[in-house]
Amino acid sequence: MLTTEPTIEMIQEWKCIYNENRDKLKPNRKSGAEINDYFCNKYRFEKLDSLSFHDVVEFNIMKNESNREKLPQGAVPQIVAYKAKDSSVLVGIDLVTGFFHIEG
């Protein structure tokens, strides 16, 4: 985090570092399957067969440009939904984009 205005030299150094490493860089994102595996291995849950909750999760993907752009051309969300045991927390995970939605 910057606490002062960057200097021209700082910006030039950052550009140089970026140009040297640009081919190795990739987004620091987990896949939908990785998020799903993490959730299933970390928490106690029940599968949730709620069409209305599924629709909420899909709506949040399709009606948000940033989320929608993560869908490959012609793909549709593949949503899995859970209810955390002993609570009212609902979790929806899109296996295609890695988008997740939590209500509780």
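Worth saying up front: this structure is predicted, and the values here are computed from it rather than measured.
- To the nearest 0.5 angstrom, Met10 atom CE is 13.5 Å from Lys15 atom NZ.
- Summarising the geometry, atom CD belonging to Glu9 is positioned 9.5 Å from atom CD1 belonging to Ile11; distances are rounded to the nearest 0.5 Å.
- The NZ atom of Lys83 sits 13.5 Å away from atom CG of Asp49, with the distance rounded to the nearest 0.5 Å.
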Listed pairs under 3.5 Å, donor-acceptor, residues 92-104 side chains, sequence neighbours left out:
unit_1	atom_1	unit_2	atom_2	d
Asp94	OD1	Gln78	N	2.7
Asp94	OD1	Val96	N	3.3
Asp94	OD2	Thr97	N	3.2
Asp94	OD2	Thr97	OG1	2.7
Thr97	OG1	Phe99	N	3.1
His101	NE2	Glu103	OE2	3.0

Show the atom names and distances, to 0.1 Å, of all donor-acceptor pairs under 3.5 Å that link a side chain in residues 39-48 to residues at least two apart or in another chain.
unit_1	atom_1	unit_2	atom_2	d
Asn41	ND2	Asp37	O	2.9
Arg44	NH2	Asp86	OD2	2.5

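- Cluster membership check: Ile79 does not share its hydrophobic cluster with Ile35, using side-chain heavy-atom separations under 4.5 Å among Ile, Leu, Val, Met, Phe, Trp and Tyr.
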Output a table of donor-acceptor pairs, distance under 3.5 Å, between side-chain atoms of residues 51-61 and any protein atom two or more places apart or on a different chain; print 'none' if there are none.
unit_1	atom_1	unit_2	atom_2	d
Ser52	OG	Ser50	OG	3.2
Asn60	ND2	Val56	O	2.7

